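Computed from a predicted structure; not experimentally measured.
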Amino acid sequence: MSSIWSIARKELSDSLRNRWLLAISLVFATLAMGIAWFGAAASGSIGYGNTPATIASLASLGIFLIPLIALLLAYDAIVGEDEGGTLLLLLTYPLTRGQLLLGKFLGHGLTLALATALGFGLAGLAIALLVDGVAVAPLLEALLRFILSSVLLGWGFVALAYLASVRVSEKPVAAGIALGVWFLFVLVFDLVLLGILVASKGAFNPDLLPWLLLLNPTDIYRLLNIVAFSDGGELTGVLSLGADLPFGPWGLWLALAVWTVVPFTAAWALFLKRRL
């Protein structure tokens with residue numbers, strides 16, 4: 001366990017030295033504050049609206065930003081060490097490949113979790129202090145749920161980045177795969193699902209359709225941060241299928257956690273077979 005923590009501490013230290021942690025925190029805090037105060041500018045009003053609308057807007061932002069940051073943070077975790085000639089050196093220490101991978105994941109995961117909590121936490125603190133009459137307890141509960149789901153979403157994409165990093169032998173290829181993963185889950189998946197719905201003309205089994213949302217971690221993330229404030233009536237587009245899922249928020253939490261465990265386990269298995 002000490003070996004794993006040593007690797008995690010090194011990754012966290014590198015993130016601090018490279019200003020990753022500070023930069024991500026500032027981006028999250030700035031955008032969260034902007035959405036909280038200017039999110040309703042299109043309707044002619046400026047200022048904090050309400051907690052559900054703010055969390056929904058932050059979730060809409062998070063599905064674009066959090067996966068991208070997670071992928072950029074971790075895509076070169078293994079292939080970068082290999083290209084730099086330090087992977088063999090690391091494995092000469094009393095350290096297994098599994099311990100190395102887990103230590104790196106913990107380091108990157110802690111970086112992302114700290115940046116998310118710090119950035120969005122500062123925005124929540126500003127709302128609580130500056131907005132007159134805001135209900136602090138509901139705001140805190142909603143913000144904690146949002147931060148936790150954002151961290152889980154980020155960890156899932158860190159695990160996907162690791163899967164690419166252990167599979168290829170060149171950093172540009174890993175970066176290309178990471179970008180492709182972002183496009184697939186953030187932009188393409190829902191369009192393809194809508195295309196299937198339209199093209200099938202009702203021939204597709206309707207009982208299967210809601211389960212397809214679980215194949216996309218960003219859809220799970222959006223459902224978690226919208227369903228918490230509604231009974232499903234506010235869901236639109238492909239997300240409206242989520243109202244037919246036979247389980248509640250706890251099932252969505254579990255599904256989002258699975259999106260971290262499964263890709264990381266696959267990356268672990270591939271790393272054990274990787275030739276150095």
Reported CG-to-CD1 distance for the pair L102 and I4, which is rounded to 0.5 angstrom: 4.5 Å
Within the side chain of N225, is there an N or O that forms a donor-acceptor pair under 3.5 Å with the backbone of A59? no
Rounded to the nearest 0.5 Å, what's the gap from OG on S15 to NE2 on H108? Could you check? 5.5 Å
Would you check if the side chain of T96 reaches a backbone N or O of Q99 as a donor-acceptor pair within less than 3.5 Å? yes
Heavy-atom side-chain contact between L224 and R145 under 4.5 Å: no
Measuring only between side-chain heavy atoms, which start at C-beta, is Y162 closer than 4.5 Å to F271? no
Do V151 and L112 come within less than 4.5 Å of each other through their side chains, counting heavy atoms only? no
Straight-line distance of L215 CG to L184 CG, nearest 0.5 Å: 10.5 Å
With sequence neighbours excluded, what pairs up with K10 under the side-chain hydrogen bond (donor to acceptor under 3.5 Å, both in side chains) test? D14
Can you name the residues that form a side-chain contact (heavy atoms from CB on, under 4.5 Å) with L26, not counting sequence neighbours? L22
Counting only N and O atoms by type, is there a donor-acceptor contact under 3.5 Å from the side chain of T218 to the main-chain atoms of F185? yes
Smallest separation among heavy atoms of A174 and V79, with atom names: CB-CG1, 4.0 Å
What's the shortest heavy-atom distance between A32 and L58, and which atoms? CA-CD2, 3.6 Å
Residues in salt bridge (Lys or Arg N to Asp or Glu O under 4.0 Å) with R274, at least two apart? D82
Residues L193, L213; criterion side chain to side chain contact (heavy atoms under 4.5 Å, CB included); working and verdict: CA-CA 9 Å; L193 188 54; L213 293 178; 3.9 Å; yes
Using a 3.5 Å cut-off and no angle test, enumerate the donor-acceptor pairs between side-chain atoms of residues 66-77 and protein atoms at least two apart in sequence or in another chain.
none

Quick check: is V188 connected to L191 through a chain of hydrophobic side chains (ILVMFWY, heavy atoms under 4.5 Å apart)? no
Assigning hydrophobic clusters by single linkage (Ile, Leu, Val, Met, Phe, Trp, Tyr; side-chain heavy-atom cutoff under 4.5 Å), is L129 placed with L118? no
For the residue pair G121 and I147, what are the closest heavy atoms and their distance? N-CD1, 4.1 Å
Please list, chain by chain and in numerical order, all residues satisfying side-chain hydrogen bond (donor to acceptor under 3.5 Å, both in side chains) with S25, sequence neighbours excluded. none
Under the salt bridge (Lys or Arg N to Asp or Glu O under 4.0 Å) test, residues paired with E83 that sit two or more places apart: none
Look up atom CD1 in I55 and atom OG in S60, then write down how far apart they are to the nearest 0.5 Å. 11.0 Å
Listed pairs under 3.5 Å, donor-acceptor, residues 247-263 side chains, sequence neighbours left out:
from, atom 1, to, atom 2, distance (Å)
W259, NE1, L214, O, 2.9
T260, OG1, G156, N, 3.3

We want to know whether Y93 and S3 form a side-chain donor-acceptor pair, criterion being a heavy-atom distance below 3.5 angstrom. no
The test is side chain to side chain contact (heavy atoms under 4.5 Å, CB included); show your working for W155 and F105 and say whether it passes. CA-CA 8 Å; W155 286 356; F105 181 83; 4.1 Å; yes
Using side-chain contact (heavy atoms from CB on, under 4.5 Å) as the criterion, list what pairs up with L144, not counting sequence neighbours. L140
List in chain and number order the residues that pass side-chain contact (heavy atoms from CB on, under 4.5 Å) with R167, two or more places apart in sequence or in another chain; answer none if no residue qualifies. L270
Could you list the residues that satisfy side-chain contact (heavy atoms from CB on, under 4.5 Å) with L272, not counting sequence neighbours? R97, W268
Going by the salt bridge (Lys or Arg N to Asp or Glu O under 4.0 Å) test, which pairs reach into residues 103-115, not counting sequence neighbours? E11-K104, E81-K104
Set out, in order, the CA-CA distance, both residues' side-chain angles and the distance that settles side chain to side chain contact (heavy atoms under 4.5 Å, CB included) for L153 and F157, then state yes or no. CA-CA 7 Å; L153 178 67; F157 277 90; 3.7 Å; yes
Look up atom CZ in F64 and atom CH2 in W182, then write down how far apart they are to the nearest 0.5 Å. 6.5 Å
Indicate the atoms forming the closest heavy-atom contact of A115 with I24, along with that distance. CB-CG2, 3.5 Å
Has T30 got a side-chain atom pairing as donor or acceptor with V27's backbone, closer than 3.5 angstrom? no
Minimum heavy-atom separation for A123 to A29, with atom names? CB-O, 4.4 Å
Flag yes if V166 and L106 sit in one hydrophobic cluster, no otherwise; membership is Ile, Leu, Val, Met, Phe, Trp, Tyr, and two members link when side-chain heavy atoms are under 4.5 Å apart. yes
So the ring pair (Phe, Tyr, Trp, His ring centres under 6.0 Å) pairs with at least one residue in residues 112-134 (sequence neighbours excluded) are F28-F120, F120-F146
Find out if a path of hydrophobic residues (ILVMFWY) with successive side-chain heavy-atom gaps under 4.5 Å connects L31 to L122. no
OG of S149 to CD1 of I220, rounded to nearest 0.5 Å, is 11.5 Å
